[in-house]
Structure formats: C-alpha cells, structure tokens
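Below: the structure, in structure tokens.
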Amino acid sequence: MSTYDRIYEIVRQIPVGKVATYGQIADLAGLHGKARLVGYALFKVDTDSLDIPWHRVINAKGEVSHSSLRKGSDYLQKHLLEEEGIEFDPQGRVNLYQYQWQSQSKNKS
DNA sequence: TGTTTGACCGACC
DNA sequence: CGGTCGGCCAAAC
C-alpha cells in the first residue's frame with residue numbers, strides 16, 4: 001500500500017463520461033494540495049496498469065494534459081474522452097462544471 | 001544514499 | 001493573459 005495506490009484507487013472510481021482534476025483526486029486520496037503526486041503516479045501507471053482510466057484525469061484548467069514524453073497521447077486522451085461522451089471546447093478544454101466527476105465520498109476504505 | 005525528474009496548483013507580477 | 005516561483009512527495013538511477 002503506497003501513496004500512489006491511493007491515487008490509483010480514486011482514478012479507478014472515475015465513472016465513464018466524467019473527468020477529474022489532479023487536485024480533486026489528490027484531495028480524495030488524502031493528498032490535499034499535493035496534486036503533483038497524482039500526476040507523477042499516473043505517469044508511471046499508464047505504462048504499468050491499464051486498469052486505470054488515466055485519460056479521464058485532466059488538469060485544474062479543464063485541459064487535457066500530457067507529458068512531452070508521451071507519443072501521440074495528446075490525441076489519444078482527447079479521443080478516448082470524446083468516445084465517452086465528453087465534448088471539448090474549441091480551445092480543447094472541457095466544461096468541468098458539466099463533466100467533472102462528483103465523487104460520492106460515501107465509499108470508505 | 002543522494003540526485004534527478006515528473007501528466008500539478010495556486011498565488012503573484 | 002502569461003511567465004515565474006514556491007511547495008510538496010515518491011520512484012528510478
């Protein structure tokens with residue numbers, strides 16, 4: 001059980017057609033204010049665990065993030081989200097007010 | 001064991 | 001509006 005595992009758990013709980021921000025996940029994972037860890041975790045995760053919908057995780061601005069290291073994932077993540085019913089603004093951003101995952105917070109470990 | 005790195009966020013100018 | 005800075009932490013080398 002590592003800190004990252006907490007993050008993975010949260011991300012796994014993101015329902016289809018919804019997205020979550022790093023900060024949100026961090027908070028839910030008990031990592032309030034440490035959104036970085038979420039990003040770091042996901043970075044490693046996508047290559048390790050495909051069980052995690054990393055594509056549903058976006059930054060606080062509602063934009064789809066991606067590291068320069070990823071190859072073509074810029075389109076991939078956006079594509080996957082679109083397939084889930086999420087639409088992007090002309091700026092390539094998502095309406096967080098509409099698509100942000102509202103965690104029930106009723107699920108405890 | 002110590003350094004490097006890595007998908008962020010919010011505040012500030 | 002955008003560039004910078006500080007903070008925070010864990011895994012990989």
Side-chain angles (χ1 to χ4, degrees):
Chain A
M1 184 57 171
S2 305
T3 311
Y4 280 11
D5 290 324
R6 303 292 303 232
I7 298 171
Y8 305 150
E9 269 187 73
I10 304 300
V11 178
R12 280 196 202 116
Q13 293 172 41
I14 302 177
V16 179
K18 296 277 182 168
V19 297
T21 65
Y22 293 96
Q24 180 181 7
I25 294 171
D27 183 45
L28 292 173
L31 304 172
H32 179 64
K34 301 187 269 196
R36 292 181 83 173
L37 294 182
V38 181
Y40 305 161
L42 291 175
F43 172 75
K44 306 158 78 64
V45 165
D46 77 305
T47 50
D48 240 26
S49 310
L50 301 178
D51 303 306
I52 302 173
W54 55 273
H55 55 272
R56 296 189 196 134
V57 186
I58 59 182
N59 61 25
K61 301 177 216 145
E63 301 174 327
V64 187
S65 291
H66 66 90
S67 104
S68 332
L69 312 177
R70 315 245 77 215
K71 47 183 182 308
S73 67
D74 53 349
Y75 166 77
L76 177 60
Q77 179 164 14
K78 184 178 170 191
H79 176 70
L80 291 172
L81 291 177
E82 287 178 330
E83 290 295 294
E84 295 186 351
I86 297 174
E87 67 180 89
F88 287 77
D89 286 22
Q91 303 175 351
R93 299 181 16 169
V94 186
N95 297 336
L96 291 179
Y97 292 97
Q98 181 179 357
Y99 294 111
Q100 187 172 50
W101 171 44
Q102 308 294 339
S103 62
Q104 305 297 305
S105 298
K106 67 198 305 183
N107 182 10
K108 293 180 89 165
S109 295

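Reminder, nothing fancy here: chain letters follow the sequence lines and each chain counts from 1.
For A/Phe43, taking side-chain heavy atoms from C-beta onward, the closest of the listed nucleotides C/dA11, B/dC9, B/dG6 is B/dG6. Comparing C/dA11, B/dC9, C/dC9 by their closest approach to the side chain of A/Lys34 singles out C/dC9. Taking only side-chain atoms of A/Gln77, from C-beta outward, the nucleotide of B/dA7, B/dG6, B/dG10 with the closest atom is B/dA7. If you check B/dC9, B/dG6, C/dA11 against the side chain of A/Asn59, the one that comes closest is B/dC9.
At the heavy-atom level, A/Lys44 lies under 4.0 Å from the strands shown only through sugar-phosphate atoms.
Following rounding to the nearest Å, A/Arg36 (CZ) and B/dC8 (P) show an atom-to-atom distance of 9 Å. When rounded to the nearest whole Å, the span between CD of A/Gln24 and C1' of B/dA7 equals 16 Å. A/Glu63 has its CD atom 12 Å from the C1' atom of C/dG2, to the nearest Å. Note: CG (A/Leu42) to C1' (B/dT5) measures 16 Å, nearest angstrom. Taking atom CG of residue A/Asp27 and atom C1' of nucleotide B/dC8, one finds them 14 Å apart after rounding to whole Å. Spacing between atom NE2 of A/His32 and atom P of C/dG7 amounts to 16 Å, rounded to whole angstrom units. Rounded to whole Å, the distance from CD on A/Gln91 to P on C/dG2 is 10 Å. Atom pair A/Arg6:CZ and C/dC9:C1' shows a separation of 15 Å (rounding to whole Å applied).
The residue among A/Tyr4 and A/Gly33 whose nearest nucleotide of DNA chain C lies closer to the 5′ end is A/Gly33.
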Convert the base pairs of DNA chain B into dot-bracket notation, remembering that pairs crossing earlier ones are written with [ ] and that bases paired across to another strand are shown as |; include only Watson-Crick or G-U pairs under 3.5 Å.
.|||||.||||||
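In this structure, the side chain of A/Gln77 engages the main chain of A/His55 through a donor-acceptor pair within 3.5 Å. Using a distance-only test at 3.5 Å, with no hydrogens or angles considered, a donor-acceptor pair links the side chain of A/Asn59 to the main chain of A/Gly62. Formation of a donor-acceptor pair under 3.5 Å by the A/Gln24 side chain with backbone atoms of A/Trp101 is found in this model.
One finds the CD atom of A/Glu9 at 11.5 Å from the CG atom of A/Leu28 (value rounded to the nearest 0.5 Å). Within the model, atoms CD1 of A/Ile58 and OH of A/Tyr22 stand 8.5 Å from one another, a figure rounded to the nearest 0.5 Å.
For A/Tyr40 against C/dA10, a side-chain-to-base donor-acceptor contact under 3.5 Å is absent.
In this structure, A/His79 and A/Tyr75 have parallel ring planes: the angle between them is below the 30° cut-off, well short of the 60° mark.
Remark: of the listed residues A/Thr21, A/Ile86, A/Asp89, A/Ile86 is the sole one forming a side-chain contact (heavy atoms from CB on, under 4.5 Å) with A/Val94.
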